[in-house]
Amino acid sequence: MRMSRRAVQAVVTAAAIGGSMIVSATPAAAATTAPSCIGRLVTERTNGFDVLLTNRCRYERAAKIEVSLAPDSSCYVIPAGTNAFYIYKGIFGNYSRTVNC
């Protein structure tokens, strides 16, 4: 079956609009990974995990823990040369990554 020119144009236009909506939504939703000067020590537990964040940067940094299958941590403001400690208690959540906030 052959499509009319107008039908092809409608499909192409719809795909372009839908694709641009997906592309524009992705950067806003994605957080950037915390820099390597933020040390992460993840310890798995039977009922969750712990994360020790160490700020080895030259200045204060803000970071949070992304948890898959559970809510993320709050934003930790960590002065240079200090630590922050996050404890997740639950059986479904897993450490995903540390991001800027």
Side-chain angles (χ1 to χ4, degrees):
M1 179 176 181
R2 189 169 179 185
M3 296 178 89
S4 71
R5 184 180 194 127
R6 184 169 277 171
V8 171
Q9 287 176 339
V11 169
V12 169
T13 302
I17 291 171
S20 69
M21 289 171 54
I22 292 170
V23 170
S24 65
T26 303
T32 58
T33 303
S36 60
C37 61
I38 298 292
R40 306 129 166 104
L41 177 63
V42 181
T43 306
E44 298 290 331
R45 306 280 182 207
T46 56
N47 62 340
F49 61 90
D50 305 335
V51 181
L52 175 65
L53 299 174
T54 304
N55 185 353
R56 297 185 298 251
C57 305
R58 287 189 247 155
Y59 48 90
E60 180 178 271
R61 299 295 304 213
K64 74 176 187 173
I65 308 300
E66 283 191 352
V67 181
S68 60
L69 304 174
D72 297 341
S73 75
S74 59
C75 186
Y76 291 96
V77 177
I78 313 166
T82 64
N83 301 315
F85 194 63
Y86 172 70
I87 300 172
Y88 170 78
K89 290 186 179 182
I91 57 172
F92 296 112
N94 297 302
Y95 172 82
S96 180
R97 65 184 182 150
T98 303
V99 297
N100 294 316
C101 58

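What you see below is based on every heavy atom in this structure, not just the backbone, and it leaves out hydrogens, waters and symmetry mates.
Not a single side-chain hydrogen bond (donor to acceptor under 3.5 Å, both in side chains) links Tyr88 to another residue, sequence neighbours left out. By the side-chain hydrogen bond (donor to acceptor under 3.5 Å, both in side chains) test, Thr33 pairs with Arg97, sequence neighbours left out.
A side chain to side chain contact (heavy atoms under 4.5 Å, CB included) with Tyr86 holds for exactly one of Leu53, Val67, Thr98; it is Val67.
For residues 72-81, no pair satisfies side-chain hydrogen bond (donor to acceptor under 3.5 Å, both in side chains), with sequence neighbours left out. Within the structure, salt bridge (Lys or Arg N to Asp or Glu O under 4.0 Å) pairs that include any residue of residues 31-51 comprise Arg45-Asp50 (at least two apart or interchain). Note on residues 54-63: pairs passing side-chain hydrogen bond (donor to acceptor under 3.5 Å, both in side chains), not counting sequence neighbours, are Thr54-Asn83, Tyr59-Arg61, Arg61-Asn100.
The two residues Pro35 and Cys57 have their closest heavy-atom pair at CG-SG, 4.5 Å.
Residue Phe85 is found in a hydrophobic cluster whose other members, listed by chain and number, are Leu41, Leu52, Ile87; membership requires side-chain heavy atoms under 4.5 Å apart, directly or through intermediates.
Hydrophobic cluster membership is shared by Ile65 and Ile38, with clusters built from Ile, Leu, Val, Met, Phe, Trp and Tyr side chains linked at under 4.5 angstrom. Placement of Val99 and Ile78 in two distinct hydrophobic clusters is found when ILVMFWY residues are connected by side-chain heavy-atom separations under 4.5 Å, directly or transitively.
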